[in-house]
Amino acid sequence: IGASTGFIKSLTDSWKVHFFTKDIYYGLGDSHNAFEITIQQNYSININKGLSAEISRRKEYHTYQTECKIHWNIFF
């Protein structure tokens with residue numbers, strides 16, 4: 001069981017930002033939760049190519065994990 005919230009904002013015709021958070025509570029009898037906050041950015045280079053970047057921070061069992069990703073997207 002959980003919830004998430006966020007928004008997507010177009011900064012230019014080619015550049016979009018997506019920011020969201022989510023909080024997940026696990027099944028009955030399990031007392032911990034996982035919380036995550038993420039920002040994603042997408043930039044369209046042209047009609048067939050794009051660049052994406054993502055940074056997320058997650059807390060679960062009193063442990064923090066940070067993850068960064070960069071993607072080169074080719075559409076065909």
Side-chain angles (χ1 to χ4, degrees):
I1 299 174
S4 65
T5 186
F7 65 89
I8 298 174
K9 174 75 175 163
S10 293
L11 300 176
T12 68
D13 289 339
S14 302
W15 184 16
K16 294 180 186 173
V17 175
H18 180 205
F19 175 82
F20 66 93
T21 62
K22 61 183 173 179
D23 198 0
I24 300 172
Y25 290 89
Y26 292 93
L28 297 173
D30 198 348
S31 61
H32 84 284
N33 70 318
F35 180 77
E36 183 175 346
I37 187 168
T38 303
I39 186 168
Q40 299 171 328
Q41 297 188 48
N42 297 302
Y43 182 77
S44 294
I45 296 169
N46 60 35
I47 196 166
N48 296 323
K49 294 181 183 125
L51 187 62
S52 302
E54 176 181 319
I55 299 172
S56 63
R57 178 97 165 150
R58 180 180 175 98
K59 180 186 178 197
E60 187 172 7
Y61 286 116
H62 306 290
T63 302
Y64 289 92
Q65 179 181 3
T66 303
E67 190 173 86
C68 299
K69 299 176 189 176
I70 296 176
H71 302 276
W72 177 262
N73 302 304
I74 300 173
F75 306 102
F76 52 94

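Between the side chain of Thr63 and the main chain of Tyr61, a donor-acceptor pair closer than 3.5 Å is present.
Using a 4.5 Å heavy-atom threshold, the side chains of Trp72 and Leu51 count as touching. Thr21 is listed as a side-chain neighbour of Thr5, based on a closest heavy-atom distance under 4.5 Å. Using a 4.5 Å cut-off on side-chain heavy atoms (C-beta onward), Ile8 and Phe20 make no contact.
With values rounded to the nearest 0.5 angstrom, Tyr43 atom OH is found 6.5 Å from Thr12 atom OG1. Distance check: Ser14 OG to Asn42 CG gives 11.5 Å after rounding to the nearest 0.5 Å. Remark: Lys69 NZ to Ile55 CD1 distance equals 12.0 Å, nearest 0.5 Å. Atom OG of Ser56 and atom CD of Gln40 lie 8.5 Å apart (nearest 0.5 Å). Rounding to the nearest 0.5 angstrom, the gap separating the CD atom in Gln65 from the CD atom in Glu60 is 9.0 Å.
Heavy-atom contacts from other residues, nucleotides or ligands closer than 6.0 Å to CZ of Phe35 number more than 12. The neighbour count for Leu11 CG, taken as heavy atoms of other residues, nucleotides or ligands under 6.0 Å away, is above 12. Applying the 6.0 Å contact sphere to CG of Asn46 captures more than 12 heavy atoms from other residues, nucleotides or ligands.
The hydrophobic clustering, which links ILVMFWY residues whose side-chain heavy atoms are closer than 4.5 Å, places Ile45 and Ile74 together. A continuous path of Ile, Leu, Val, Met, Phe, Trp and Tyr side chains, each step under 4.5 Å between heavy atoms, connects Ile70 with Phe19, placing both in one hydrophobic cluster.
For the residue pair Asn73 and Ser52, the shortest heavy atom distance occurs at ND2-OG, 3.0 Å. Summarising the geometry of Gln41 relative to Trp15, their closest heavy-atom pair is OE1-NE1, 3.0 Å, with the distance given to 0.1 Å.
In this structure, a donor-acceptor pair under 3.5 Å is present between the side chains of Thr38 and Glu36.
Taking the six-membered ring where tryptophan is involved, the planes of Tyr26 and His32 are essentially parallel, since the angle between them stays under 30° and well short of 60°.
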